[in-house]
Structure formats: structure tokens, C-alpha cells
2 protein chains.
Amino acid sequence: MSGSDQLSAVFSALADPTRRAILAELADRDATVTELTAPLPISMPAVSRHLKALERAGLISRTRSGKLRMSRIEAAPLREAAEWIERYRRFWDTSLTRLDAHLAAVQAAGRPTDRTAHGPAFPDRESPSKAHDKEN
Amino acid sequence: MSGSDQLSAVFSALADPTRRAILAELADRDATVTELTAPLPISMPAVSRHLKALERAGLISRTRSGKLRMSRIEAAPLREAAEWIERYRRFWDTSLTRLDAHLAAVQAAGRPTDRTAHGPAFPDRESPSKAHDKEN
DNA sequence: ACTACATTTAACGTGTTGGTTAAGTGACTG
DNA sequence: CAGTCACTTAACCAACACGTTAAATGTAGT
């Protein structure tokens, strides 16, 4: 998992189909480890560790109720993830075609990259450790 | 990477900050491997393999122009990812509070899970290999 | 206290990831 | 055709992910 930041932990958690299935289950209702394990093709310890990963990513919280341990979805971190991806919407959203065309023209003046469409509002520069000092 | 499906590949690709930085760079402009490597604290082979991962996830495409190899963002798969996450919006979007409250009441009738809010439209059951046959 | 149940932790095997350096490949350039 | 530039591939390593089974922990009931 290279990056240990929040966003990396979230995307990393979502990268596993079992964990996505667990989240889907928890979106429906809070559940115990046993309940979550039942429909899955893996052992309970395995599920337990998936839950730990989800918890580490902040995607679930857990409370002890007697000898049961309930998991509850905490989707706040998904907001960050959604916002990150949202910055790239212009690359797939056709409703932005008109805008794209205009901005492509603007950008084309600067360089001959040309793809008939391409926005200008570039996403955040998220430098991984070393600074992004392009344009040098 | 446990899951080898499209969504898993995409989330897995996004889980690495270096790859997110590369995508941010490519959102701005198409670039060669050398250009992408410049601002990063890692070797060119390492970048080359990050690009391979991004390509495998369908997030970039590459074309050879003479001895240069241009990478271009192909954000279509991000749409899927965004849509997947979008299904959980009700868990963080406060503008859905009113709706949540109502639906929580509806749901509360069925079970005593109760969290003052919780939607009913549960996300897709994405069964990881074994079927999700809850309610048994 | 003894037992049962729910869950976690430990120990282990195995595959993958992400980085490195060194060697290969393909396309242009003198 | 030799050299150089722009990469990619190979070989290697350390760390981690994900699964297993077996043992430990914590809570409840008898």
C-alpha cells in the first residue's frame, strides 16, 4: 500500500472486492463479524482482518455489545475519495463536451497536444514526497 | 491485489500516491515517461511500472511517437469508480438528512438497528465469488 | 469455576508490490 | 553502422496482503 495517507488507505480498502461486499452489507444494516462472514467464502479471521483494514481507513466503526461486536459504516472518508475522483469528471462527462471544446482551443494555442477536447482546470498537484516542480 | 476485476484494478491503481500524482500530471497535459519521472523521487523503471499499472486499470493509454512514448489520461474507468462510491453518498451528504430521517423511520419499523438516519436503497450486492444469500 | 460463544491474535505459506540497478530493445542521428 | 536517447525488462530484495488453522481472549450463562 505504498501510501499511508487517508486517501491511499481508503482507495486501498476499496480495492478489495470482499471489502466492498462488506461495505455493501453494512450499508444495509449494522452487522456482527459472524453475520458478515456467513455469506463470504472465507474464514472468520480473514473477515476480521478485512474489518480491521476498513476501520483503519475510517470506513467503519465498531462497538462492543456484550460478546457481539457490531460494525457500522462510516462513509465520511468516501466523500474525500469521491471529491478526488470528481476532479476528473471532465474527462468522462459528455455534458462537459461544449466546455471542453472551448478550453481545448485555448490550450491548443499553447501546445500541439490536441485531442479535440481537454479541460484546463487541472486537479490538485499531489506531490508524493518530492515536490512537483514542473515548468523548470 | 486480491480482485482482478475492473473496479478493483482502478481502486488499486488509485491507492498509490505516486500514481495519483501521475494522473494529476496527465490531467494537465500528455507526457513522456521522462517528463513524468522528472518531478518524482523514484527511478524511471519504477515510473514505467506505475504507468503499466495505470494502463492495466484503463486509466491511461499510450502511443509511440518516434522514440518518445506519450501517456494520455483515459478517465472512463473513473466513472465506474465514482458511480460505485456515489451509492454511498447518503452516508455523508447532509442534504439527504431529511430523506434519511424519513427512511430511517421506515427501516426502524423492521429492525432496531436505529442510528437516527440510514437510507433504504442499499447498494449493489457485489458478491465476491460466493453468493450473498443473507436472510436465511 | 466450567463451558460455550464470538472474535481476535499468532504463526505460517505464498503471491504481489514497489523500489533498486543492470542489461536489453527500438528508433533516431551523425 | 556506431552511438545515443528513451524507454522496458530482468533479477533481486524487503515489506505487505490475504488466506489458512490453531491458540488466546473476553463475555455470558449454569
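All values below were derived from every heavy atom in this structure, side-chain atoms included, with hydrogens, water molecules and symmetry-related copies excluded. This structure is a prediction, so every number in the text was calculated from the model and none was measured.
When rounded to the nearest whole Å, the span between CZ of B:R62 and P of D:dA6 equals 15 Å. Atoms CD1 (A:I42) and C1' (D:dC18) sit 9 Å apart, rounded to a whole Å. In this structure, CZ of B:R56 is placed 15 Å from P of D:dT8, rounded to the nearest angstrom. Rounded to an integer number of Å, the gap from NZ of B:K52 to P of C:dG18 is 13 Å. The interatomic distance linking B:M44 (CE) with C:dT21 (P) rounds to 13 Å, in whole Å. Computed from coordinates, the B:L54 CG to C:dT17 P distance equals 13 Å when rounded to whole Å. In this structure, B:L68 places its CG atom 14 Å from C1' of D:dT4, rounding to the nearest Å. Between the CG atom of B:D16 and the P atom of C:dG19 there is a distance of 6 Å, rounded to whole Å.
Toward the 5' end of DNA chain D, the nearer of the two residues A:K67 and B:P45, judged by each one's closest nucleotide, is B:P45.
In the set D:dC7, C:dT7, D:dC18, the nucleotide with an atom closest to the side chain of A:V33 is C:dT7. Listed nucleotides D:dC18, C:dG19, C:dG26 differ in distance to B:R64; the shortest reach to its side chain belongs to C:dG26. The side chain of B:S48 sits closest to D:dT8 out of D:dG19, C:dA6, D:dT8. Counting only heavy atoms from C-beta on, A:R49 has its side chain closest to D:dT20 among D:dT20, D:dC7, C:dG19. Nearest nucleotide to the B:S43 side chain, out of C:dA27, C:dT20, D:dC7: C:dT20. Nearest nucleotide to the B:R19 side chain, out of C:dG18, D:dC18, C:dA6: C:dG18.
For B:H50, a side-chain nitrogen or oxygen approaches OP1 or OP2 of C:dG19 to under 4.0 Å. For B:T32 and D:dC7, the shortest distance from a side-chain N or O to OP1 or OP2 is below 4.0 Å. Contact annotation: B:T34 reaches the phosphate of D:dC7 (side-chain N/O to OP1 or OP2, under 4.0 Å).
Between B:R62 and B:D30, no side-chain nitrogen of the basic residue sits less than 4.0 Å from a carboxylate oxygen of the acidic one, so the salt-bridge criterion is not met. Between B:E55 and B:K52, no side-chain nitrogen of the basic residue sits less than 4.0 Å from a carboxylate oxygen of the acidic one, so the salt-bridge criterion is not met.
Looking at heavy atoms from C-beta onward, B:T63 lies out of side-chain contact with B:R69 at the 4.5 angstrom threshold.
For A:R79, the CZ atom counts as loosely surrounded, since its 6.0 Å shell holds 12 or fewer non-hydrogen atoms of other residues, nucleotides or ligands.
Between A:W84 and A:F11, the two ring planes are perpendicular [angle over 60°; tilted spans 30° to 60°].
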